[in-house]
Participant: 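My structure is below; once you've seen it, I'll send some questions.
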Amino acid sequence: MVWDEWEQLKQEAAQQHEHGTQMQLNQLPPGDGPGPSTSTSSVTKGLLSSKKAWNKAGEDIGGLGGDVDKAVRKLQDGQQGLGDVAGCLSAGAQKEVYESWASYLKGVDDRCDRVKKVFEQIGHDLLMTDEAVRSALGAIDTRFADTPAVGGQTSGR
């Protein structure tokens, strides 16, 4: 019984081969896969990208975050000895400015870290779509949207 089924499968396969039926793989067009190619890829449209370049960009952005971290520490050092600001308007104003800048710089450091991670992920995947990259960076922009400038309105004066 099993032998008959096997013979039938072999016969069907032979008939398909005789009629030119071939297996079709769902894959990139020739020249779009890994390895050397003489034509432009339909996926990348000739744009060259490398893991090394994306990782370098991520490292550089991470380095900016490290520099921002150093600036926050210097601000903290500058606050030493300020003491109680009650009764001294300039000391109170200075403390508010310090807190504002410390908060802002911590946000910049966080933003650098998030952009670094996105760039490293792009370098890892290499074929993320432009839309996926825009979406990842857009989420960071939304999270760290800047507030309007202080100092009032300049229009209509």
Side-chain angles (χ1 to χ4, degrees), residues 13 16 20-157:
Q16 285 179 351
T21 305
Q22 295 180 340
M23 182 187 305
Q24 181 176 351
L25 298 176
N26 188 10
Q27 61 187 18
L28 293 171
D32 282 354
S37 173
T38 57
S39 63
T40 301
S41 166
S42 65
V43 175
T44 63
K45 309 249 188 296
L47 178 65
L48 298 178
S49 184
S50 73
K51 182 176 184 174
K52 183 178 178 181
W54 283 108
N55 285 337
K56 173 77 169 111
E59 287 174 19
D60 290 349
I61 290 172
L64 291 174
D67 292 343
V68 169
D69 227 14
K70 289 177 191 174
V72 169
R73 282 195 299 277
K74 285 186 179 184
L75 278 174
Q76 289 171 340
D77 292 345
Q79 285 300 110
Q80 300 301 320
L82 183 60
D84 185 24
V85 296
C88 182
L89 294 177
S90 63
Q94 192 276 335
K95 182 179 179 194
E96 285 181 35
V97 170
Y98 161 74
E99 290 170 350
S100 172
W101 271 102
S103 173
Y104 180 78
L105 290 174
K106 286 177 185 174
V108 169
D109 184 39
D110 188 22
R111 187 175 192 158
C112 288
D113 187 51
R114 289 170 188 264
V115 171
K116 174 188 177 204
K117 288 176 183 173
V118 168
F119 280 13
E120 288 173 345
Q121 185 65 42
I122 294 167
H124 180 264
D125 294 347
L126 278 184
L127 282 179
M128 282 179 75
T129 64
D130 288 350
E131 191 54 44
V133 174
R134 275 189 208 98
S135 176
L137 294 175
I140 294 171
D141 283 345
T142 300
R143 177 175 172 79
F144 295 101
D146 287 337
T147 57
V150 294
Q153 305 272 334
T154 58
S155 62
R157 289 188 184 179

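Only this structure's heavy atoms are used, side chains among them; waters, hydrogens and symmetry mates stay out. Here the structure is a predicted model, which is why all the values come from computation and not from measurement.
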Participant: Report the distance from atom CD of Glu120 to atom CD1 of Ile122, rounding to the nearest 0.5 Å.
Facilitator: 10.5 Å
Participant: Test your reading of the model: is there a side-chain donor-acceptor pair from Thr142 to the backbone of Gly138, 3.5 Å cut-off?
Facilitator: yes
Participant: Only counting residues at least two apart or in another chain, list the ones meeting side-chain hydrogen bond (donor to acceptor under 3.5 Å, both in side chains) with Lys56.
Facilitator: Asp60
Participant: Please round to the nearest 0.5 Å and tell me the distance separating atom CZ of Phe119 and atom CD1 of Ile61.
Facilitator: 4.0 Å
Participant: Inspect the contact between Asp113 and Lys117 and indicate whether a charged nitrogen and a carboxylate oxygen are less than 4.0 angstrom apart.
Facilitator: yes
Participant: For residues Gly65 and Asp109, report the shortest heavy-atom separation together with the two atoms involved.
Facilitator: O-OD1, 3.0 Å
Participant: How long is the straight-line distance from CD of Gln121 back to NZ of Lys116, given to the nearest 0.5 Å?
Facilitator: 13.0 Å
Participant: Around atom CZ of Phe144, are there more than 12 heavy atoms from other residues, nucleotides or ligands closer than 6.0 Å?
Facilitator: yes
Participant: Would you please test Lys95 and Glu99 for side chain to side chain contact (heavy atoms under 4.5 Å, CB included) and show each step?
Facilitator: CA-CA 6 Å; Lys95 182 179 179 194; Glu99 290 170 350; 3.0 Å; yes
Participant: Look up atom CG in Leu89 and atom CD in Gln94, then write down how far apart they are to the nearest 0.5 Å.
Facilitator: 13.5 Å
Participant: Looking at Asp110 and Lys106, is any side-chain nitrogen of the basic one under 4.0 Å from a carboxylate oxygen of the acidic one?
Facilitator: no
Participant: To the nearest 0.5 angstrom, please state how far the CZ atom of Arg111 sits from the CG atom of Leu105.
Facilitator: 13.5 Å
